[in-house]
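One structure below.
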2 protein chains.
Amino acid sequence: MEQSAPPRRITIVDVAEHANVSTTTVSKVLRNAYGVSPAMQAKVRKSMSDLGYRPHAAARGLRGRTYTIGLMLPDIRNPFFPEIIDGANEVLDATDYQILLGPARNVREIEHRVTEAMIDRSMDGLILIVPAATPTELEQTARAVPVVVVARHLRSTLLDTVVTDDVAGAALVVDHLADLGHRRIAHIAHAESQRHLVTTMPNTIRAEGYRQAMRARGLGDEIDVVATTYSKEGGYLGARQLLARSRRPTAIFAGADIAAMGALEAIADAGLSVPGDISVVGYDNTDFAALGGIGLTSVEQGGRQMGSDAARLLLERIDDRAKPSRLISLSPTLVVRRSSAPPPR
Amino acid sequence: MEQSAPPRRITIVDVAEHANVSTTTVSKVLRNAYGVSPAMQAKVRKSMSDLGYRPHAAARGLRGRTYTIGLMLPDIRNPFFPEIIDGANEVLDATDYQILLGPARNVREIEHRVTEAMIDRSMDGLILIVPAATPTELEQTARAVPVVVVARHLRSTLLDTVVTDDVAGAALVVDHLADLGHRRIAHIAHAESQRHLVTTMPNTIRAEGYRQAMRARGLGDEIDVVATTYSKEGGYLGARQLLARSRRPTAIFAGADIAAMGALEAIADAGLSVPGDISVVGYDNTDFAALGGIGLTSVEQGGRQMGSDAARLLLERIDDRAKPSRLISLSPTLVVRRSSAPPPR
DNA sequence: AACGCCATGGGTAACGTTTCCCGATGTTGC
DNA sequence: GCAACATCGGGAAACGTTACCCATGGCGTT
């Protein structure tokens, strides 16, 4: 029952006393700063481990860094994002930085609140995954803290960007399906509510890439886009609409695997088979696509690569905020599996 | 090109000057502390919004609260966790608290690192979802910061707990399948590597509940457990093993929907049908289970409820650390769908 | 009329760390 | 052999906020 008083935290002062040096020196050791002899280093480090000292990140933040990186993601249900996060962690695990996640639940206001919260907590840098904010807002954020934007097609002197070529990705899908003999290739898109984001969001660019590719293959008249959302429900509803068409499409290109998942269920519900009656292709190549049974043809974006690139860019920008900004654009590839085949008859 | 110098942050001092009051008063307004007249309140608040002041959470943490709650989860791929998180946010959205997530990637050491990182960042409280730490370690953590543990069956005076009755949940499944006429009911479990956690981890308790229920129905001889992991791969591999038995089970009870998902694919790969050849029941009742095509019978744990209960308990404990600890135990229910039916013949 | 109390506002020292500068030693070059 | 220079360590202020405690003035009691 003895509530054993919350043991006072070991601070830099305790370490300094224990090692018989000044707090300044301890601080220098902590940061690997210049001006400490190896002997000093060793002595102080010993004291730190003897006492079980852990730096108080919040206090550090008041003057220097917090060694914290904030990662904003639109939602935690999309299986593509974990890939990016894994990639970022791959890089960050070897450093003193710690990632903390802030999910925005697909709401602009929440995204804003989360981003501000990260800044207010003195995070050293932010990775924003498909943010819904305007370019201006993003630059505003980038003025306050180093920012890397992932999956938005924008270029700015104030922030770094990692994207994949969504136009090329969409073309891979259309070409693949057209090569198989499909003509009625429909697309399930993620509706963009913000008009001014149309040119920078991956979903709209994927849809536009689809249209371009269709026209390039002489299938301009067959263009058919239903705009729902990149989610299981969105895919399900989108596919339902498409299946109800008088001239039902023979292939569906879902803008995200998670939507493809919903589409597959809608197709099964309708008593149709994949790929016998209808082909389905996704985007993101999540592990769900790879696994047995389903075997979804999908576009590999290199999520891990995006994540690790983003982390690297961010670390470099934290080290030098004046550095010229960079944009890394990755090329997608198509992974063909069992869900796509020639059209019936 | 003008890098427009990072605009200095508005601080409490700026607000105080603008409103012609002391910083103390501003601070009081900020915290809704006692001793400020309504007129003062209004004046200060006006200055705050005029200047666009936002409190610096990290600095606050040095003396008081950071208004940050850390939520540790084992991994971000399990679709059950988002339910819990949504539930917690439901409660926290109305407060000044902000949740930040720390995924542990199913590695004990990372979980430890994440938890420490949260403490070092002066978070006001921690929600730990199915932590892999020992009870002693958890109590150690709870001494440093208010803690609510979710989904571990443990009781401690130092921390609050939210669980569901996993024994009852397992019994619901076994009884349902036995009622349908099944005898060879197998279970896919999540292997527990830590021997001393056996009595408190939900996965082991679910497996034990399965055994108890089987014996209670006189099916003790049919008990068949394969221990893999609660993941798509784990479910796939587990089912493969079970399907290779000479006396193949007629029903599989997967300890988590995500594992059931893998099992479904293994069954499809084997050319068998669900529920014609074999019934499958999951656990967690994730939205995946509910959606069309699949129609997975599953155990509803009330993830949202768990999350909101956890958040409430935590807020109360933050307000009063001496408060006696509480344990909330929720009763699971069975949601029957199409994946379970009487055994063949 | 004197007293004490409450409500309100403010002064100041923390909180744990980093940064800026300075002083005391060697060390080097000529 | 002496100035100039590295190198190493420390003192003290600063970061933005809150906690603690005190000062003031108005009011109700006796």
Side-chain angles (χ1 to χ4, degrees), chain A residues 6-45 47-48 51-68 96 119-124 144-145 318, chain B residues 6-45 47-48 51-68 96 119-124 144-145 318:
Chain A
R8 203 182 53 76
R9 220 189 142 88
I10 307 288
T11 76
I12 209 178
V13 177
D14 301 317
V15 176
E17 279 173 7
H18 185 275
N20 253 306
V21 297
S22 72
T23 59
T24 303
T25 303
V26 178
S27 174
K28 282 182 183 170
V29 171
L30 215 51
R31 294 171 289 132
N32 295 312
Y34 174 85
V36 193
S37 63
M40 236 333 137
Q41 275 266 358
K43 187 168 73 167
V44 173
R45 286 207 186 288
S47 291
M48 296 203 289
L51 297 176
Y53 168 76
R54 269 166 30 209
H56 191 295
R60 300 179 89 168
L62 223 45
R63 295 287 293 181
R65 304 181 174 182
T66 55
Y67 294 92
T68 311
D96 287 334
I119 295 174
D120 295 345
R121 278 151 189 82
S122 295
M123 296 198 177
D124 297 336
V145 61
I318 289 173
Chain B
R8 204 181 53 76
R9 222 188 141 88
I10 307 285
T11 76
I12 209 179
V13 177
D14 301 316
V15 176
E17 279 173 6
H18 185 273
N20 254 308
V21 297
S22 73
T23 59
T24 303
T25 303
V26 178
S27 173
K28 281 182 183 171
V29 172
L30 215 52
R31 294 171 289 133
N32 295 312
Y34 175 85
V36 192
S37 64
M40 223 355 125
Q41 276 265 359
K43 187 167 72 166
V44 173
R45 286 204 189 288
S47 291
M48 295 204 288
L51 297 176
Y53 169 77
R54 270 164 30 207
H56 191 295
R60 299 179 90 166
L62 224 44
R63 294 289 291 177
R65 304 181 175 182
T66 55
Y67 295 92
T68 311
D96 286 335
I119 295 174
D120 295 344
R121 279 151 189 80
S122 295
M123 296 198 176
D124 297 336
V145 61
I318 288 173

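Naming: A, B, ... by sequence-line order, numbering from 1 per chain.
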Could you tell me which residues satisfy side-chain hydrogen bond (donor to acceptor under 3.5 Å, both in side chains) with S22(B), sequence neighbours excluded, listed by chain and number? T25(B)
L51(B) and I10(B) have their tightest heavy-atom pair at O-CG1, 3.6 Å
Residues that D120(A) engages under salt bridge (Lys or Arg N to Asp or Glu O under 4.0 Å), provided they are two or more places apart: R9(B), R54(B)
Working note: H56(A) + S122(B), criterion side chain to side chain donor-acceptor pair (under 3.5 Å); need CA distance, chi angles, decisive distance, verdict. CA-CA 8 Å; H56(A) 191 295; S122(B) 295; 3.0 Å; yes
Does T24(B) have any side-chain hydrogen bond (donor to acceptor under 3.5 Å, both in side chains) partners at least two apart in sequence or in another chain, and if so, which? none
Nucleotide by nucleotide, nucleotides 8-23 of chain D touches protein heavy atoms under 4.0 Å in the pattern (B base, S sugar-phosphate only, - none) SBBBB-BBBBBB----
Bending between helix ends of the helix from dA1(C)-dT30(D) to dC30(C)-dG1(D) [5 pairs per end, 10° resolution]: 30°
How about T68(B) and R121(A): does a side-chain donor come under 3.5 Å of a side-chain acceptor? yes
Only counting residues at least two apart or in another chain, list the ones meeting side-chain hydrogen bond (donor to acceptor under 3.5 Å, both in side chains) with Q41(A). R45(A)
